[in-house]
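So you know, we letter chains A, B, ... as the sequences are listed, proteins then strands, and number each from 1.
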2 protein chains.
Amino acid sequence: MIRNSDACRSNCPINFVLETFGDRWTLLIVRDLMFKGKQTYGNFLESEEQISTNILADRLRRLEAHEIIQKEVAKDNRSKFIYRFTDKGKDLIPIMLEVTAWSARHDSQSNAPATFLSDYESGREQMIAAVRANLD
Amino acid sequence: MIRNSDACRSNCPINFVLETFGDRWTLLIVRDLMFKGKQTYGNFLESEEQISTNILADRLRRLEAHEIIQKEVAKDNRSKFIYRFTDKGKDLIPIMLEVTAWSARHDSQSNAPATFLSDYESGREQMIAAVRANLD
DNA sequence: CGAAGTAATTGCATTTTGCAAGTATCTTAC
DNA sequence: GTAAGATACTTGCAAAATGCAATTACTTCG
C-alpha cells in the first residue's frame, strides 16, 4: 500500500529525495533501468541483490506514483509491462554518476569499470549525455 | 547493534552507497553537518524532521564505523562530542549538491534558495569548493 | 485446451522503526 | 562539596517494514 499523503516531513531538498529513495531497494531498480538495460519485472528480479517479489512490486508502484517511471504494455507480448523513465527520472543521471564516482573512489572492492573515474572527471557532461542518449 | 559484516549484497557502486545511506535518516545527519553547522548530538536532535534519540545514536555509530564522520570530545565542554567529516565524508559534497539540484528542479515546494539552481549550474566547481572551505 | 511465461498477492516470521521513559557522565552555581 | 542542569545516550515495548515461500491471475504459445 502506498502512503496516501506520504507524510512529508519537511520541504528540505535532501529530505525530498529521501521520501522516494530512502530505502535499500529503490535505487537498485533505478540503476538497472538506467545502466543495465533492464525494463521488465522479470528483469529486475534477476539482479544479484535478490530483491523479493513483494518488495519489487511495491517499489515499482511507488516509483510510478512519484512519476519517476511509467509503464506500458509490451508490444511483442501483452502479458508483459515495459518500464521507462519519465523526464524526472532521466534527470537522476547526474546523481547516479556522482554516486558511482564516490564509490569508485572509496570502495576498494568496487566493480565500477577501471576507466570510469578518469572518464567521468575529464568529461562529466559528455558522460551524462551518453547515458541519456542510451535510454529510449 | 551494528551488523558486524554489514551483509554486503554486491560490489556494485550504487549498492555500496545504499549500505551506508539506504534509510530515511542518515542523509539528514550528513545534511546538518555539511550545510547547517550542526556538530553535536543535541544539534542533530533539533532538526525539524524530529529524529528520535535511539535512531540518532545508531546512525552516528554507523557513520563513524563507515568512516564518514569522526567524533572528539569538545574542548569547551568535556560532556559533549563534536562530530566532523572525514575526507571520505567531505567527498559527499558533490552528491549532496546534485541531490539538492534535482529536488530544486522537481519539487515545487522545495525550500532550496531561489538562486541555488542558477548558481550551481553556472559554477558547480566553485560551489563545491565553497562548501568544502566552510567545513572546519 | 493445457502448459509455459509474466506479474503480481498473501501469510507469516523476523527485523527495523518510533516513542516514552530512564540512566550515566560531566559542568555550573551556590 | 553538593545539588541542579546539560549532554549523550540506553531500554522496553508497540507498530511498521522486510524477507521468504507459496499461491493466484492473466496472457501467450503450441
Quiz item: Between C/dT10, C/dT6, C/dC19, which nucleotide gets closest to the side-chain atoms of A/N77?
Solution: C/dT6
Quiz item: A/K71 side chain N/O closer than 4.0 Å to the phosphate oxygens (OP1, OP2) of C/dA8?
Solution: yes
Practice problem: Mind calculating the distance between CD1 (B/I55) and C1' (D/dA8) to the nearest angstrom? | Solution: 16 Å
Self-check item: Residue-phosphate contact under 4.0 Å: A/R24 side-chain N/O, D/dT18 OP1/OP2
Solution: no
Quiz item: Under 4.0 angstrom, heavy atoms only, what part of the nucleic acid is A/F44 near: base, sugar-phosphate, or nothing?
Solution: nothing
What protein N or O atoms touch nucleotides 21-25 of chain C N or O atoms at under 3.5 angstrom, if any, and at what distances?
none

Self-check item: Any residue of residues 36-43 of chain B with a heavy atom less than 4.0 Å from an atom of DNA chain D
Solution: B/T40, B/Y41, B/G42
Quiz item: Going by an N to O cut-off under 4.0 Å, is there a salt bridge joining B/E72 and B/R78?
Solution: no
Exercise. Using only side-chain N and O atoms of A/R61, determine if any of them is under 4.0 Å from OP1 or OP2 of C/dA7.
Key: no
Quiz item: Should B/E46 and B/K36 count as an ion pair when the cut-off is N to O under 4.0 Å?
Solution: no
Quiz prompt | Any residue meeting salt bridge (charged side-chain N to carboxylate O under 4.0 Å, His left out) with B/D107, in chain and number order, not counting sequence neighbours | solution = none
Exercise. Taking atom CD of B/E67 as the centre, report whether more than 12 heavy atoms of other residues, nucleotides or ligands fall under 6.0 Å from it.
Key: no
Exercise. Compare side-chain N and O positions of A/W25 against OP1 and OP2 of D/dA17 and report whether any pair is under 4.0 Å apart.
Key: no
